[in-house]
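Residue numbering restarts at 1 for every chain, and letters A, B, ... go by the order of the sequence lines. Remember, predicted model here, so these are calculated numbers, not experimental data.
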Amino acid sequence: MQIAVNIAVLASIYALICCGYVLIYRATRVLSLAHGELMMLGAYGLYATASLFKGHPLIALAAAAGLALAVGLAVYAALMWRMTGESVLAAVLATIALGILLRGAMMLAFGTLTQHPLRDLGWENASIGLPGGARISAVGAALILSTGLVYGGLFAFLRGTRWGMRMRAAGQNPLLAAQRGIGLHGIYALSWGLATFTGGLAGMLIALDAGLESTLVIIGLKAFPAALVGGLDSLVGALAGSLVVASAEVLLIQYVDPLLSDVVPFFVLLAMLVVRPWGLFGTREELDRV
Amino acid sequence: MSAPLLRLEKLEVTYHRVITAVQGVSLEVAPGTIVALLGTNGAGKTTTLRATSGFIGLDDARVTEGAVVFDGERIENLPPHRVTALGIALVPERNKVFENLSVAENLDAAVPRPGARRRRSIELAYEIFPALGRLRRREAGYLSGGERQMLAIGSALACAPRLLLVDELSQGLAPLLVEEMMRRLETVRAETGATILLVEQNAQVALEVADYGYVMENGRIVLDGTPERLRAHQDIREFYLGTGGGTGRRRSYRDVKQYRRSRRWYG
Ligand SMILES: Nc1ncnc2c1ncn2[C@@H]1O[C@H](COP(=O)(O)OP(=O)(O)OP(=O)(O)O)[C@@H](O)[C@H]1O
Ligand SMILES: [Mg+2]
């Protein structure tokens, strides 16, 4: 039972992170390799707002979330708009450079000490008992809840709203989208904004649960196989991929060796690339474009 | 005669900075008319329409000379979504629908020209192409060629255009369906008041609905006139309509030496 809870929490973490990969990839065909760093930046955003709005944890959270959205839009406006829709390789390289720069800047600005934003917000990570004897931390429960809300919101947005449809349309056929009056830069900026918002949210929640340190970037990288296993251009796939990777990871840690934790996702990824390179829910031709 | 809605002036379009596909094309489209742009494969018809509706970065194409003037405003090298906002909608030759969206979503995704009534434009698309109503929930990737063409025109209409550009209406359609679609274009003009510029290989059907026609070859306009005049022209009869020449065999345009044609057209 505890194992199921652990899988659910880890899968939620991965899913919350990797919807960002999917959002950006679907719209722009670019793999953002700065996602882990942007996630960490989101967490540091919370660290900053927590000391700024002392005694108002909810305001601090909301401000940090708003900040993450703004950062995503800014990254697109300042850097990526020159590259998306042109050369995919140049754009991917740019995200790598951006990631390295961000990591260095965060190290300079915030140091290398582990921070505890949860304490700064004045909250405690209570342990909640579940029927069946399992336990889940309050932040763990919040993670599952947030992931559910984010995915629910994304599905509703993409399926049910006109701008969501336009986002899907631009991902499938950017030229036709432009000819139908859809401004591609607006769509791309929105994708970056949403991706950085959800990634930042994941970063904040992980930091609340386990403290904020540089290993956060590794978690961001570990979520990437989950996105690829799911098929990169599918949100349903991202959910399924996260579940697969998280299950493999939790089970192997439990029954084989805890040291495996960091390699399992990439092992799953390799296995997947051999058997079904376009992912569980991906479109077959998509892989050529990576 | 009233001022033209669209005017191309000595338009020159270059792909990848080296390939000049259109060299000095000038043409005019008067408001409320249907104008046909005819020509063989590779003549530069698609390029002319695309230059009017705008290129995106991926195209790596530019208008290098001349002007595109729409309703008195110069629009060459504007991005496509701005051109659409001005009231020009293109039905492209290929990749004309969003395959991962349903028929209804394809129509909804189109951004109408500012000031136009969105609902009404979409209703009109369903009225002119009733088949789309029955296919509302069908994913566009599964549509047949004819259904795709109807959806493509319908979703262009959802942009509430003042000028509709149609590239190869007849492509891949059965002859009966082609005539049917041409009549629908006349309905479109009657219902929306839109002006239509139509690119066609099938001169016969195009000249039936058009008020005026241009013939393009090797990136240039080589002939223009009313349908009566074009139909009567020896070369058009010979190469496009297959009714002239007297040999009984339909000859290809390319069979005739270039100099002979130019002499006839320019001389
Ligand atoms: N993307 C491109 N890059 C390079 N050259 C191109 C491109 N598109 C078209 N061309 C060239 O420009 C010329 C005109 O092409 P265009 O597609 O405009 O012709 P067309 O009249 O529409 O022909 P068709 O009747 O076959 O559709 C051709 O020689 C073609 O090879
Ligand atoms: Mg063409």
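Comment: B:Glu99 engages B:Arg148 in a salt bridge, judged by a side-chain N to carboxylate O separation of less than 4.0 angstrom.
Under the 3.5 Å distance criterion, with hydrogens and angles disregarded, a donor-acceptor pair is assigned to the side chains of B:Thr14 and B:Thr64. Side-chain polar atoms of B:Ser102 and B:Glu139 form no donor-acceptor pair below 3.5 angstrom. Between the side chains of B:Thr47 and B:Tyr15, at least one donor N or O sits under 3.5 Å from an acceptor N or O.
Judged by the 6.0 Å distance and 45° axis criteria, A:Arg166 is not positioned over the aromatic ring of B:Phe98.
Only the backbone of B:Val97 comes within contact range of chain A, judged by heavy atoms closer than 4.5 Å. Contact annotation for B:Ala85: neither backbone nor side-chain heavy atoms come within less than 4.5 Å of a heavy atom of chain A. Of the atoms belonging to B:Ala156, heavy atoms from both backbone and side chain fall under 4.5 Å from chain A. Contact of B:Asp59 with chain A is made through the side chain alone, with heavy-atom distances under 4.5 Å. In this structure, chain A has no heavy atom under 4.5 Å from any part of B:Pro79. With a threshold of 4.5 angstrom between heavy atoms, B:Ser155 approaches chain A through its backbone and through its side chain. Contact annotation for B:Arg50: only side-chain heavy atoms (C-beta onward) come within less than 4.5 Å of a heavy atom of chain A.
Heavy-atom pairs under 4.5 Å with chain A peak, among B:Ala109, B:Ala89, B:Ala158, at B:Ala109. Most heavy-atom pairs under 4.5 Å with chain B, from the set A:Ile182, A:Leu176, A:Leu184, A:Leu175: that is A:Leu176. The candidate with the highest count of non-hydrogen atom pairs below 4.5 Å against chain A, out of B:Asn100, B:Asp108, B:Ile56, B:Asn106, is B:Asn100.
Side-chain contact between B:Glu76 and B:Phe70 is absent, with no heavy-atom pair separated by less than 4.5 Å. Side-chain contact check for B:Met216 versus B:Leu38: every heavy-atom pair is 4.5 Å or farther apart.
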